[in-house]
Amino acid sequence: MAVFQGKHIILGVTGSIAAYKAADLASKLTQQGAQVDVILSAGAEKFITPLTFQSVTGRRAYTDSDLWGGEAHILHVGLGHSTDLLVIAPCTANTLAKLAHGIADNLLTVTALAAGGEKTREIPILVAPAMDAGMYEHPATQANVRTLKERGVLFIGPAEGRMASGLVGLGRMVEPAEILGHIRLALGRHGRLAGKHLVITAGGTQEPIDPVRYITNRSSGKQGYALAQAALDEGAAVTLVTHPTGLTPPVGAQVLEVRTAQEMLEAVLSAIESADGLIMAAAVADFRVKQVATHKLKKNEGIPHLELEAAPDVLGTVANLRHRLKRLKAVIGFAAESHDLLENALAKLSSKKLDLIAANDISAPDAGFSVNTNRITLLYADGRRQSFPLMSKDEVAQIILEQVAALLE
Ligand code: CTP
């Protein structure tokens with residue numbers, strides 16, 4: 001992923017049973033394209049070896065034995081200054097206390113001081129605490145947490161759950177996939193869309209027939225979620241308006257869950273009041289049942305005759321409000337078509353007063369609903385057209401976000 005490419009990340013690992021999960025995190029970061037230097041504390045070495053990290057990162061892992069070697073006087077400064085981000089996962093109560101008080105008695109804490117000490121370049125420090133039940137809530141730890149938060153250190157968790165000790169409580173390290181999301185958010189914070197707010201819709205809506213049945217469509221939500229992630233990667237604040245898809249929303253997105261076209265309309269209208277852009281990737285229902293049954297329709301009542309009526313058109317409604325929404329500079333729609341792709345897309349571009357529409361032919365088996373790939377043509381309000389080959393939905397999202405950034409500049 002572009003947001004990780006060429007980024008230098010220091011992963012500090014301290015003495016907790018969750019240290020084994022740090023190997024997964026190191027592996028995930030490396031796979032995303034980051035250059036990962038791992039520093040193990042002496043406690044961490046009791047749980048996991050440097051070789052484990054070297055094997056997944058392809059780089060040497062550092063330990064306290066490096067603190068007293070020949071290059072020691074420059075190592076912590078070099079590591080600390082060249083890094084884009086320092087993450088400590090798992091971070092014990094002991095290391096939290098050291099960070100809060102500026103104690104620098106091992107390579108990791110010395111590096112943390114060096115990384116934070118340079119005033120000219122702000123380096124995000126993220127910590128994922130892991131400790132036994134009761135230790136996180138202890139007033140001493142809480143005081144340290146407050147000190148570090150005031151200093152801008154970002155906390156990921158801890159989560160509630162069962163500890164290795166058998167106790168249940170607050171203190172489990174957050175799972176590596178979620179930590180990765182927080183790192184991604186921190187790395188993207190100064191992107192092209194920093195300071196901008198985008199509203200992105202995803203998935204298909206559900207129009208009820210009775211309390212147990214509804215009409216929906218094949219939209220998986222994947223394209224909308226990929227757009228939300230790509231927007232966060234560029235530093236935007238994101239409101240994701242989505243029906244319950246079962247997909248994990250990207251870390252950092254404000255999620256508004258809706259079911260019907262009416263609910264989506266209301267959520268979008270309230271969110272766009274403060275938005276710079278709207279991307280309607282959702283497949284909103286065009287029709288809904290006029291009289292929704294209040295009880296479950298029974299077979300012995302005969303075959304129901306469902307009368308349909310038009311569902312609200314979200315983009316159509318926004319089009320009529322654009323003169324009032326001065327901040328809303330980029331409105332993007334999708335045209336999912338099974339025939340006359342470009343003609344239909346052009347008609348929607350103009351009737352919905354869009355700045356850009358992404359047209360895709362859903363009759364192709366490898367594009368559109370449910371699959372992981374898409375093939376789009378972008379049509380602009382100013383008459384420009386761009387066609388793209390088959391791409392992943394993540395790549396499509398990046399291309400659309402580049403256009404959004406250009407529209408907002
Ligand atoms: N859309 C919307 N509200 C609706 C239907 C669609 O806001 N009730 C948005 C979609 O999110 C998409 C764009 O309008 O960005 C085009 O959607 P599409 O389903 O292709 O077109 P429709 O306007 O529904 O027209 P038709 O179904 O006749 O093709």
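Side chains are part of it too, since the values below use all heavy atoms of this structure and drop only hydrogens, waters and symmetry mates. Throughout, residue positions are numbered sequentially from 1 according to the sequence presented. All of these numbers come straight from a predicted model, not from anything done at the bench. As the structure lists them, so they are numbered: ligands from 1, and atoms in each ligand from 1.
Using modelled atom types, one side-chain atom of Thr141 and one backbone atom of Met135 make a donor-acceptor pair closer than 3.5 Å. With Lys21 contributing its side chain and Val174 its backbone, the two residues share no donor-acceptor pair below 3.5 Å. Distance alone, capped at 3.5 Å, is enough to place a donor-acceptor pair between the Gln142 side chain and the Tyr136 backbone. Checking side-chain atoms of Asp394 against main-chain N and O of Ala226 turns up no donor-acceptor pair under 3.5 Å. With Arg189 contributing its side chain and Ala186 its backbone, the two residues share a donor-acceptor pair below 3.5 Å. Judged by distance alone, with hydrogens and angles left aside, the side-chain atoms of Asp84 form a donor-acceptor pair with the main-chain N or O of His8 at under 3.5 Å.
Distances from atom 19 (O) of ligand 1 to the protein include no heavy-atom value under 4.0 Å. Counting protein heavy atoms under 4.0 angstrom from atom 15 (O) of ligand 1 gives one or more.
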Verdict with reasoning, Asp361 to Arg375, per salt bridge (Lys or Arg N to Asp or Glu O under 4.0 Å): CA-CA 7 Å; Asp361 178 359; Arg375 188 185 293 107; over 6 Å; no
For Lys290 and Glu207, run salt bridge (Lys or Arg N to Asp or Glu O under 4.0 Å): C-alpha distance rounded to whole Å, both residues' side-chain angles, the deciding distance at 0.1 Å, then the answer. CA-CA 10 Å; Lys290 197 166 179 185; Glu207 302 303 329; over 6 Å; no
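Look at Ala285 and you'll find a heavy atom under 4.0 Å from some atom of ligand 1. Residue contacts with ligand 1: Met264 is excluded, as none of its non-hydrogen atoms falls under 4.0 Å. Using a non-hydrogen distance threshold of 4.0 Å, Ala335 registers as a contact of ligand 1. For Ala336, the heavy-atom gap to ligand 1 drops under 4.0 angstrom.
Here the side chains of Val199 and Leu328 are not in contact, with every heavy-atom distance at 4.5 Å or above.
Within a 6.0 Å sphere centred on CD of Glu343, other residues, nucleotides and ligands contribute more than 12 heavy atoms. The environment of Arg218 atom CZ is sparse: at most 12 non-hydrogen atoms of other residues, nucleotides or ligands sit within 6.0 angstrom.
Protein heavy atom closest to atom 3 (N) of ligand 1, with residue, atom name and distance, is Val314 N, 3.0 Å. Of all protein heavy atoms, the one closest to atom 27 (O) of ligand 1 is Asp286 OD2, 2.8 Å. When hydrogens are left out, the protein atom nearest atom 13 (C) of ligand 1 is Phe334 O, 3.1 Å; that is the closest non-hydrogen contact. Counting protein heavy atoms only, atom 1 (N) of ligand 1 is closest to Lys352 NZ, 3.6 Å. Summary of contacts: the protein heavy atom closest to atom 4 (C) of ligand 1 is Val284 CB, 3.4 Å. The protein atom (non-hydrogen) at minimum distance from atom 7 (O) of ligand 1 is Leu315 N, 2.9 Å. For atom 21 (O) of ligand 1, the nearest non-hydrogen atom of the protein is Lys348 NZ, 2.9 Å.
The part of Pro312 lying near ligand 1 is the backbone, judged by heavy-atom distances below 4.0 Å.
Those atoms of ligand 1 with a heavy atom of Ala282 less than 4.0 angstrom away are 10 (C), 11 (O). Annotation for ligand 1: atoms under 4.0 Å from non-hydrogen atoms of Gly333 are 15 (O). Residue-ligand proximity, Met280 to ligand 1, at heavy-atom distances under 4.0 Å covers atoms 7 (O), 11 (O), 12 (C), 15 (O).
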